[in-house]
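Residue numbering restarts at 1 for every chain, and letters A, B, ... go by the order of the sequence lines. Quantities reported herein were computed from a predicted structural model and do not represent experimental measurements.
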Amino acid sequence: MVRSDDILVRIRGLVFAHGRRRIFDGIDMDIHRGAVTAIMGPSGTGKTTLLKLIGGQLKPRSGTVEVDGHDVHRLSRGALYRLRKRMGMLFQSGALLTDLNVFENVAFPLREHTDLPESMIRSLVLMKLEAVGLRGARDLMPAQLSGGMARRVALARAIALDPMMIMYDEPFTGQDPISMGVLVKLIRTLNDALGLTSIVVSHDVAETASISDYIYVLSGGRIVGQGTPDELRRSDSPWVRQFMDGLPDGPVPFHYPAPEYREDLLR
Amino acid sequence: MIDPLQRLGAASLNAFAKLGRANLFLALALTGVPEILRRPGLLIRQMYMVGVLSILLIALSGLFVGMVLGLQGYNVLSDFGAEESLGVMVAASLVRELGPVVTALLFSGRAGSALTAEIGLMKATEQLSGMEMMAVDPMKRVITPRLFAGILSMPLLAGLFTYIGIYGGYFVGVLLLGVDEGSFWSQMQAAIDFREDIINSVIKSLAFGVIVTWIAVFEGYDAVPTSEGVSRATTRSVVYSAFAVLGSDFILTALMFGE
């Protein structure tokens, strides 16, 4: 396991709001180079928003996000695009281009950003597809893929330009146990084999904890717990306990805020 | 009392904000022009999608409109013994009005709605977002080629519509109803002016091309990224295009042909 003090993503005092609703209320976070860092929390805590803030697709109200020493939200458009070439992102839906087949989807970033000859693009694409086990599916269209396969193609596409980091948005949601296992293994293997830094946003506790080096637990716009998977399992914070054990009620209430039940019925 | 007033205010603010977004959007799309000059393949592919695939619809519609014009024109003109002028009537109505206007309306139904739905769905399925994260500007990669494909296809399609429409009129008027072929063509040749009629017709169809495609790609890009949002955007795209085409046709006609 790689565990250096070299920090790739440094988030300080991050505040973000959708209209009046505060999504993040002063978050500090360090993502170490070479590690798999998980960001967990209940649905609706803005985990995906956090990835979009790191990728520079959204702007925070205040606070900074530094990636590899660059303040993402102060970069010029050109510099941001250059930085993004070194960041891969795996969307929940896969976000494959539906008018291109699997091969062309993986080739897309290579064709857009390089002038490599066709034979080299072919070799690179086949290597990336081999890494996710889908070299044989190169001629299929995205509509013919299962959800798990689509995510693996998207993963091959995300590593096409050999990025320094990959962000996974809910990679396990809606997967059957087999493709879930495949994805879990792939994330860890690719991270170590390619020397990547991975950020995994998820609420699948067991799967995510099994491959993470460090975990942040978000709730209500704050970090309510952090540590290695073992530290979190031993944590006695009620927030962390509720989340790790999957308890329906606790600091995160089961009920959406509502007027008193009895009064509401008798009105 | 204050409520309807407030809603009116909110609605007009929204309308102006949308107009502003649409203009910013167009300005951004224009910055993609060097990209399509560098990679003409992107534009050609889209011209195939919006232009070439519309040819059958436009050609058939042109034929039928021309045939109806021939029939109706003959009925009216023959009452005055002026059926030799059928060629002028058919050609003038097609070149000046029906060619650009009907083509624009058909084009918005065939290609505009498809553009809106395609871009809206690309947004809903995070394809645009995904491109951004791959450091590919969706504005330059997706929007600009489609916008220019539409703008360039419109005059070509309108020309085709007019051309085939005239032959439709010829078919009914000359071949079926027996109008004299020589006067059909020679009167048309004498009456239709190149600058006054043909050039103005091309200007009109270019303007409609800008209007229809701009509305189509903007509505797609601005769509709420859900199934319902995309369906509403597609409807709006066709409805707004129809209004904008007919409204601007009146203005353009007044400027071009109003003495």
Side-chain angles (χ1 to χ4, degrees), chain A residues 48-49 51-58 67 72 75 77-100 104-115 142-143 147 150-151 153-161 163 165-170, chain B residues 10 13-14 17 24 27-29 31-32 34-36 38-50 53 111 114-146 149 220-221 224-227 229-230:
Chain A
T48 306
T49 310
L51 293 187
K52 291 197 165 172
L53 283 162
I54 296 175
Q57 287 190 301
L58 295 173
V67 177
V72 173
L75 290 178
R77 195 176 168 76
L80 178 62
Y81 270 56
R82 275 196 295 284
L83 182 64
R84 280 186 186 160
K85 284 184 202 169
R86 301 196 289 141
M87 305 161 83
M89 176 145 173
L90 191 76
F91 285 84
Q92 193 171 346
S93 57
L96 295 177
L97 303 172
T98 40
D99 55 341
L100 301 178
E104 286 302 323
N105 259 291
V106 180
F108 181 81
L110 295 168
R111 293 197 199 284
E112 291 292 318
H113 294 306
T114 68
D115 288 321
R151 269 177 230 190
V153 174
L155 183 53
R157 187 178 66 176
I159 57 174
L161 288 174
M165 65 182 277
I166 297 196
M167 299 186 277
Y168 298 89
D169 186 8
E170 303 280 8
Chain B
L13 279 181
N14 276 339
L24 272 179
L28 271 178
T31 64
E35 177 85 2
I36 51 173
R38 202 169 60 78
R39 292 172 62 187
L42 290 178
L43 179 66
I44 291 168
R45 190 182 143 76
Q46 290 310 319
M47 283 200 72
Y48 175 79
M49 298 297 284
V50 300
L53 293 182
L115 283 176
T116 310
E118 185 190 18
I119 296 171
L121 277 172
M122 285 179 93
K123 187 179 179 191
T125 52
E126 295 183 308
Q127 294 184 50
L128 297 181
S129 211
M131 275 191 196
E132 259 177 36
M133 282 309 295
M134 285 188 280
V136 175
D137 190 345
M139 216 61 199
K140 292 180 181 157
R141 182 65 173 67
V142 175
I143 304 297
T144 312
R146 284 168 173 73
Y221 198 77
V224 180
T226 58
S227 330
V230 174

Problem - Donor + acceptor pair across side chains of A:Gln57, B:Ser129 (<3.5 Å) - result: yes

Practice task
Compute whether any side-chain donor of one residue and acceptor of the other, for B:Gln127 and A:Thr98, lie under 3.5 angstrom apart.
Solution key: yes

Practice task
Name the option with the most non-hydrogen atom pairs under 4.5 Å to chain B; the candidates are A:Leu161, A:Leu90, A:Leu96.
Solution key: A:Leu96

Exercise for the section: Among the options A:Arg77, A:His113, A:Lys85, pick out the one with the most heavy-atom pairs lying under 4.5 Å from chain B. Expected result: A:His113

Fill in the blank from the handout: If one checks every heavy atom of A:Arg82 against chain B at 4.5 Å, the contacting part turns out to be neither

Fill in the blank from the handout: Separation between OH (B:Tyr221) and CG (B:Leu128), nearest 0.5 Å, reads 6.5 Å

Practice task
Report yes or no: is the cationic atom of A:Arg84 (NZ for Lys, CZ for Arg) under 6.0 Å from the centre of the six-membered ring of A:Tyr81, at an angle within 45° of the ring normal?
Solution key: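 Satisfied, under 6.0 Å and within 45°.
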
